[in-house]
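The next block holds one structure in the form of structure tokens; read it before the comments.
The figures that follow rest on heavy atoms only: side chains count, while hydrogens, waters and symmetry mates do not.
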Amino acid sequence: MKIGITCYPTFGGSGAVATELGLQLADRGHEIHFISYAQPFRLIHFHEGLFFHEVEVNRYPLFVYPPYSLALAVSMHEITRDHGLDLLHVHYAIPHATTAWIAREMLRSEGSDVKLVTTLHGTDITLVGQDPSYWSITKFSIERSDGLTAVSDYLQRETYEAFKCPECSIRVIPNFIDPAVYQRERYECQRGALAPEDEKIVMHISNFRAVKRIEDVVRVFDRLARSVPSRLILVGDGPERQAAEDLSRELGREDRVTFLGKLESVAELLACADLFLLPSEEESFGLVALEAMASGVPVIGSSGSGLSEVVTDGITGRLHPVGDVEAMAESAVELLGDTERWRRVSAAARQSAVERFSSDRIVPMYESYYEEVLAVDRA
Ligand code: GMT
């Protein structure tokens, strides 16, 4: 198949999933065209069967807000036409599903066509898409996609609920990891560079937005550090970073908390971690938790959203209600204070990640879904 993929190319789960999917599909013999304003961050090397098209946005002085969505629609239209794409697969509905719909309409007006598959990732449905300024166009665009996927049952339910579209048929295709990349034994962990030998390494990786509840990460760590010698390593950047830095100083933990900033690849770091914290308000899936699990790192996080489909409470980590930092810290102490229990949970986390979410299992689900979508007209 010839497939156009559009995603947010910057740091973030949806871009990571889209890029890994493109790479895996290219390895399986498909021709993949990435269409976006920048090279996706995990797409750094030449890869056979994979092409990147940068969208140019004209910055005419009249444009206070340069219309990226329109420039993207034009690129999608031209690339589909020039390369004979079968399908456009867009990740994160806003604005990509609307943009792809425009491109498809342009193609139809010229007597050709392309199928449109939208993957819903999270806040495009649970937060941004429900804002009155985006709700109606998000509903319109997802209803007009030829195929719709969501990364968890939770997100599928939220979409039906929020957009009242019982006629939308949403296929759940979970996120995935390459077990060979996220593998504790593969990397020689430079523990000494992160923490003294006798300290446990607690990690959090995100884009530091409010939904991640970074202050809870610091509070859980503060309680843990009272009884277990440990260090908190924070990877990423975003609007809540300053608040987290301030809080760690306020709690007198600044010498135990390290902010590493944004990093392109986290597999090597995860291989050093003893515990991963993800106490988010909501996660449609929690890809980074899956990456941690595949690296043999138990996860402590919040219950009540898609993370419950990734982490099995009591087996591969612990989940507690959002904001219950006391319970999360207690679980962290129990886990890190008992080597036997930690080994058991670490092994179960790796096993569960590989058995349920390995790319070999999930990528073919996308392939068969594409085939189903493409077959509709031919039937
Ligand atoms: O929805 C977002 O916040 C953005 C998105 C991203 O690009 O990072 O994250 C979402 O998609 C990821 C990949 O499918 C999921 O693993 C994250 O759980 C999800 N984020 C939220 O639901 C907050």
Side-chain angles (χ1 to χ4, degrees), residues 1-10 12 14-60 63 65-121 124 137 140-142 144-149 363 366-367 369-378:
M1 282 175 259
K2 291 187 178 187
I3 303 158
I5 295 184
T6 292
C7 62
Y8 283 104
T10 50
S14 59
V17 170
T19 310
E20 290 302 330
L21 178 62
L23 289 163
Q24 298 271 345
L25 288 168
D27 285 344
R28 296 169 74 91
H30 303 288
E31 186 177 307
I32 304 300
H33 294 260
F34 277 92
I35 311 168
S36 189
Y37 62 84
Q39 181 109 344
F41 72 99
R42 289 192 180 176
L43 197 73
I44 37 181
H45 302 295
F46 165 75
H47 205 96
E48 194 184 344
L50 209 146
F51 306 88
F52 169 62
H53 306 266
E54 186 171 333
V55 178
E56 298 284 347
V57 186
N58 182 312
R59 297 191 178 270
Y60 188 63
F63 298 152
Y65 304 105
Y68 170 64
S69 305
L70 298 185
L72 176 60
V74 170
S75 295
M76 283 175 165
H77 166 249
E78 282 173 5
I79 292 156
T80 303
R81 186 194 58 202
D82 296 350
H83 294 271
L85 302 189
D86 300 301
L87 191 134
L88 290 170
H89 184 179
V90 300
H91 293 257
Y92 204 90
I94 305 168
H96 301 141
T98 315
T99 303
W101 173 79
I102 297 172
R104 195 187 60 191
E105 288 303 299
M106 290 165 79
L107 287 156
R108 282 186 179 168
S109 75
E110 294 160 3
S112 55
D113 205 358
V114 68
K115 293 290 181 186
L116 162 58
V117 171
T118 299
T119 289
L120 309 171
H121 278 274
D124 45 352
I137 198 149
F140 172 87
S141 311
I142 63 181
R144 272 151 190 81
S145 294
D146 300 299
L148 264 183
T149 78
V363 174
Y366 276 109
E367 277 176 310
Y369 188 59
Y370 294 158
E371 272 154 19
E372 272 178 49
V373 168
L374 287 168
V376 168
D377 270 355
R378 295 184 201 135

Atom [atom1] in [X], atom [atom2] in [Y]: separation rounded to 0.5 Å?
| X | Y | atom1 | atom2 | value |
| --- | --- | --- | --- | --- |
| L85 | I3 | CG | CD1 | 9.0 Å |
| L374 | L87 | CG | CG | 5.0 Å |
| I102 | L107 | CD1 | CG | 12.0 Å |
| I142 | T118 | CD1 | OG1 | 8.0 Å |
| Y8 | Y37 | OH | OH | 7.5 Å |
| I35 | T6 | CD1 | OG1 | 4.5 Å |

Check whether any side-chain heavy atom of [X] sits under 4.5 Å from a side-chain heavy atom of [Y], and report yes or no.
| X | Y | answer |
| --- | --- | --- |
| M1 | L25 | no |
| Y68 | S36 | yes |
| L23 | E20 | yes |
| H91 | L21 | yes |

If you take all heavy atoms of [X] and [Y], which pair is closest and at what distance?
| X | Y | value |
| --- | --- | --- |
| A18 | F34 | O-CZ, 3.6 Å |
| A73 | A103 | O-CB, 3.7 Å |
| I32 | G22 | CG1-O, 3.6 Å |
| L120 | A93 | CD2-CB, 3.9 Å |
| A38 | F52 | C-CZ, 3.2 Å |
| R144 | R104 | O-NH1, 3.0 Å |

Taking atom [atom1] of [X] as the centre, does the number of heavy atoms from other residues, nucleotides or ligands within less than 6.0 Å exceed 12?
| X | atom1 | result |
| --- | --- | --- |
| E110 | CD | yes |
| I137 | CD1 | no |
| Y60 | OH | no |

Derivation and outcome, side-chain contact (heavy atoms from CB on, under 4.5 Å), residues V90 and M76: CA-CA 11 Å; V90 300; M76 283 175 165; 3.7 Å; yes
Looking only at the aromatic ring of each residue, does the gap between the centers of [Y] and [X] stay below 6.0 angstrom?
| X | Y | value |
| --- | --- | --- |
| F51 | H33 | yes |
| Y370 | H30 | no |
| H83 | H53 | yes |

Measure from the side-chain N and O atoms of [X] to the backbone N and O of [Y], and report whether any donor-acceptor pair falls under 3.5 Å.
| X | Y | answer |
| --- | --- | --- |
| Y92 | D124 | yes |
| R28 | V363 | no |
| S75 | A71 | yes |
| D146 | L116 | yes |
| T98 | S141 | no |

For side chain to side chain donor-acceptor pair (under 3.5 Å), just list the numbers for H89 and T119, CA-CA rounded to whole Å, side-chain angles, deciding distance to a tenth of an Å, and then say yes or no. CA-CA 7 Å; H89 184 179; T119 289; 2.6 Å; yes
For D86 and K2, run salt bridge (Lys or Arg N to Asp or Glu O under 4.0 Å): C-alpha distance rounded to whole Å, both residues' side-chain angles, the deciding distance at 0.1 Å, then the answer. CA-CA 5 Å; D86 300 301; K2 291 187 178 187; over 6 Å; no
